[in-house]
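Worksheet for the structure shown next.
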Amino acid sequence: YDIKSDLYYLFEDVNFKNYEDLTIAEYLIDPSRSKYEIDKSAKIYLNRNLHSLEDLVGKGKKTLSLSDVDKEKLGSYISMYLSLTEDLREKLLSYIDERDMKELYYDIELPLVKVLASMEREGIYVNKDYLIELGEEFQKELDELEKEIYSYAGYEFNINSTKQLGEVLFEKLNLPVIKKTKTGYSTNAEVLHKLKGSHEIIEAILRYRTLKKLTTTYIDGFITLISEEGKIHSLFNQNITATGRISSQDPNLQNIPIKTEEGRKIRKAFIPPENYSFVGGDYSQVELRVLAHLSGDEVMIEAFKEDADIHTKTASEVFHVDFEDVTPLQRSNAKAVNFGIVYGISDYGLSQDLDISRKEAKEYIDNYLDTYKEIKTYMADIVETGKKQGYVETIMHRRRYIPELESKNRNIRGFGERVALNTPIQGSAADIIKIAMVEIYQELQEKQLRGKLILQVHDELIIQVEDGDIDEVKELLSNVMSHAVELDLPLKVDINSGKTWYDAK
DNA sequence: GCATCATGCAA
DNA sequence: TATTGCATGATGC
């Protein structure tokens, strides 16, 4: 039960060939649960009431150390725990077998536990001095912006408080209210952009928000997490997401800025040890490729087989222009539709994203589904399947139940329908990269390459490798990732390397 | 001290 | 009324 926390400390000293983890089995059986605790599971799967460990040691400040617990009580707790674990295991494995999830459990998720433990243990070096310097740069500008904002407002207030900021913007300065939240005025970036030009304070606030985010989350937040060896050891969670993705926390290394140059500079702080480099591999359009495979849409499959720029290709089809004549705006709109399709699009959602009328958005979608006809069929079919079975599946039989499909509430049901479409896509992409991770880990060991997997960012893997082995690892990573599974179309992988995470782009 | 909200970062 | 996450500061209990 939750073996990664043990592997983290032990796996270099103990030969862990055979291990199991029932939290993982339970996650595969129902990935939507919020947590996996043995006393809860005893009730769910065996209808047995088990006192939790918490009942024995208490909680909060008064938590007892195990050595302080009454020996007899502890002994009976442990024997009950062991026998229960055996019974639970039997029950869970029968579910795994019935649902055709043995390969997913034994060949993907269980080996992955060790891979993630290794990533957590290795961690990643951080250039603290660089972060501090960058932080000071940002703080200097923040101080100036703060003064500027106060002068526009006419008084000092807490800019970070959405409540106080709303009062300044919409009561003191009388700017038009664009949107409300359930507790007051909305002041988010979308609203502020619409207010640009109506008052100079707006641009200052937008800039303030950007720098504040970078400073608090990605600079100050990280500095406190740097260990004595100068590393950050993030946790990679394997039983959190409903789709099969992994998540990362303390810190989250899966949402480091990249879209703006300023934010992207944070990535320069992540560095390999001396004489090592980072080698990165990322899947190109993996979710759309998965959708092409799942739907069997020949037009989209053909586009990927030709290695065409999929957004340009989509634009040329949707807007009825030659491939060469697609404008940047058309491509960008087509890209938004491609994204939207993967999320379970609505004309309203697309109209909001592109800031166009709902009617126009509907035309885009209709044209899209007229181009990729099998995708239209697939979207209808997968929702139907979800309703009939109560769940949907990925290519590796990962399953997610969707009770929302039965809801009488239209909004909830609509959500269920989008989930039914998105989960096989996002989840199959997660299956694919997990297979690649397990294979890479094994190959690096067997080939005795001086490289270690250190990061996964959903469609991207980062390996830290001794400079002499860079070329071999690049080749290996490319091959393993692109052949992790065989679909009806190729998987494309881009490989890069560099001396910081920023440079491995 | 903990929960919730609004916000914003990533794929 | 577009999917999946996590961290932050403010706010309220």
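Proteins come first, then strands; the chains are lettered A, B, ... in the order of their sequence lines, and each starts at number 1.
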Output the residues of [range] in contact with DNA chain C, where contact means a heavy atom of the residue under 4.0 Å from an atom of the strand; sort by number or write none.
{"range": "residues 342-360 of chain A", "value": "A:Tyr343, A:Ile345, A:Tyr348, A:Leu350, A:Asp353, A:Arg358"}
{"range": "residues 381-401 of chain A", "value": "A:Arg400"}
{"range": "residues 402-418 of chain A", "value": "A:Asn411, A:Phe415, A:Arg418"}

Using the side-chain contact (heavy atoms from CB on, under 4.5 Å) criterion, which residues pair with [X]? Sequence neighbours excluded.
{"X": "A:Gln285", "value": "A:Leu288, A:Arg289, A:Phe304, A:Ile310, A:His311"}
{"X": "A:Glu360", "value": "A:Ile356, A:Ser357"}
{"X": "A:Pro272", "value": "A:Tyr276, A:Phe278, A:Gln464"}
{"X": "A:Asn188", "value": "A:Lys179, A:Ser186, A:Glu190, A:Val191"}

Establish, from distance only, whether the side-chain atoms of A:Thr314 and A:Asn338 form a donor-acceptor pair under 3.5 Å.
yes
Over 12 non-hydrogen atoms of neighbours within 6.0 angstrom of NZ in A:Lys376
no
Contacts of A:Phe170 meeting ring pair (Phe, Tyr, Trp, His ring centres under 6.0 Å) (sequence neighbours excluded), chain-then-number -> A:Tyr185
Heavy atoms only, 4.0 Å cut-off, all strands: where does [X] land among base, sugar-phosphate and nothing?
{"X": "A:Ala336", "result": "base"}
{"X": "A:Thr210", "result": "nothing"}
{"X": "A:Ala430", "result": "nothing"}
{"X": "A:Gly340", "result": "base"}

Nucleic acid contacts - residues 167-191 of chain A versus DNA chain B, non-hydrogen atoms under 4.0 Å
A:Thr181, A:Lys182, A:Thr183, A:Ser186, A:Thr187, A:Asn188, A:Ala189
Which residues, if any, of residues 253-271 of chain A bring a heavy atom under 4.0 Å of DNA chain B?
A:Gln254, A:Asn255, A:Ile256, A:Pro257, A:Ile258, A:Lys259
I'd like to check the salt bridge (charged side-chain N to carboxylate O under 4.0 Å, His left out) partners of A:Asp347; sequence neighbours left out, ordered by chain and number.
A:Arg358
Can you classify the ring geometry of A:Tyr343 versus A:Phe339 as parallel (below 30°), tilted (30 to 60°) or perpendicular (above 60°)?
tilted
Over how many whole Å does the gap from [X] atom [atom1] to [N] atom [atom2] extend?
{"X": "A:Leu211", "N": "B:dT7", "atom1": "CG", "atom2": "P", "answer": "19 Å"}
{"X": "A:Leu461", "N": "B:dA11", "atom1": "CG", "atom2": "P", "answer": "14 Å"}
{"X": "A:Lys213", "N": "C:dC6", "atom1": "NZ", "atom2": "P", "answer": "13 Å"}
{"X": "A:Asp494", "N": "B:dA11", "atom1": "CG", "atom2": "P", "answer": "14 Å"}

Considering the options A:Leu28, A:Ile108, A:Ile432, which one meets the side-chain contact (heavy atoms from CB on, under 4.5 Å) requirement together with A:Met396?
A:Ile108
Using OP1 and OP2 only, check whether a side-chain N or O of A:Arg209 sits under 4.0 Å from B:dG8.
yes
Is any side-chain nitrogen or oxygen of A:Ser247 closer than 4.0 Å to OP1 or OP2 of C:dC6?
yes
Detail all sub-3.5 Å separations between protein N/O atoms and N/O atoms belonging to nucleotides 11-13 of chain C.
{"from": "C:dT11", "atom 1": "OP1", "to": "A:Ser161", "atom 2": "OG", "distance (Å)": "2.7"}

